[in-house]
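To keep things clear, I will list the structure first and then write my remarks on it.
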Amino acid sequence: MELIALPAFADNYIWLMHKDHHALVVDPGDSAPVLAWMQKHPGVQLDTILVTHHHADHTGGLLELVNRTGARVLGPALEEMPVTAQGLVQGDVVDWHELSFDVHEVPGHTLGHIAFWTQPPGQDAVLFCGDTLFSGGCGRLFEGTPAQMLDSLDRLAALPGNTRVCCAHEYTLSNLRFALAVEPGNPALVSHAGLCTRLREQGLPTLPVALHTERAINPFLRSRENSISAAVRLHNQQAVDAVSTFAALRQWKNEFR
Ligand code: ZN
Ligand code: FE
């Protein structure tokens, strides 16, 4: 099982899984990078497309890919898709050759947002989390509440620590700049920021990232830690419990330059 990040637009990744003569993609906002990959791998058939949420940078390539390949599309039952799609809800399982993907509802960025988790035999698990969890950050709350997003992130953070987290955007360096402002004394964060800076200097993705790394460095998974809640409270005195602290942290990030 090969896991590939196809860059799209300025900072999106379209994740592709490849096994024998079959391929699957996640959140194809643009068909061109997928079609270019297919052209370089003749004989491989794109048979399945997974979608995490309705935003155009995740769905814009669906129509052309379906027309060209006949691939089936599976996406959130609670959101409108631009093509016919099988609607998925919490607890559904998507079978794809020898893999099965658990579907998790993770509202916050959008109300119907879902994530996909799978355990390939003999490899570390894989999570496709769209715009919910980013390395060092999380998605903006366009539709959901802070309480919903905190609960969604808590449930993703509880997945096995060796899970390879496949986010839909390369936002890592700017997220880590904010994370360092919140928690400058976190040695794991300082060293991970150094690693990611070197990767980006070489033009390499910072993803996937291990979930156990995210638990150690991502302020949005760590908002109950004293180091973080104290920093948030200095910034916003309304941060008095888990949800208000998370909300204030997200607001601080929105305003951070
Ligand atoms: Zn989005
Ligand atoms: Fe996006």
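Indexing begins at 1, ligand by ligand and atom by atom, following the structure's order. No experiment lies behind these values; they were computed from the predicted model shown.
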The Zn ion (ligand 1) - closest N/O/S atom in H55 = ND1

Pairwise side-chain contact, N12 with I14, heavy-atom cut-off 4.5 Å (strictly under) = no

ask   = Are T206 and E170 linked by a side-chain donor-acceptor pair shorter than 3.5 Å?
value = yes

ask   = With a 3.5 Å cut-off and no angle check, do the side chains of E183 and S227 form a donor-acceptor pair?
value = yes

task = Quick one: the OD2 of D131, the Zn ion (ligand 1), NE2 of H53 angle, rounded to 10°, please.
result = 100°

Short N/O/S contact of H169 with the Fe ion (ligand 2) (below 2.8 Å) = yes

inquiry  = Within 2.8 Å of the Fe ion (ligand 2), is there any N, O or S atom belonging to H58?
reply    = yes

ask   = When you measure from the Fe ion (ligand 2) to each N, O or S atom of D131, which atom gives the shortest distance?
value = OD2

query = With respect to the Fe ion (ligand 2), what is the nearest N, O or S atom of D57?
reply = OD2

Proximity of H97 and H21 rings by center, below 6.0 Å = no

query = Would the number of heavy atoms belonging to other residues, nucleotides or ligands and lying under 6.0 Å from CZ of R68 be above 12?
reply = no

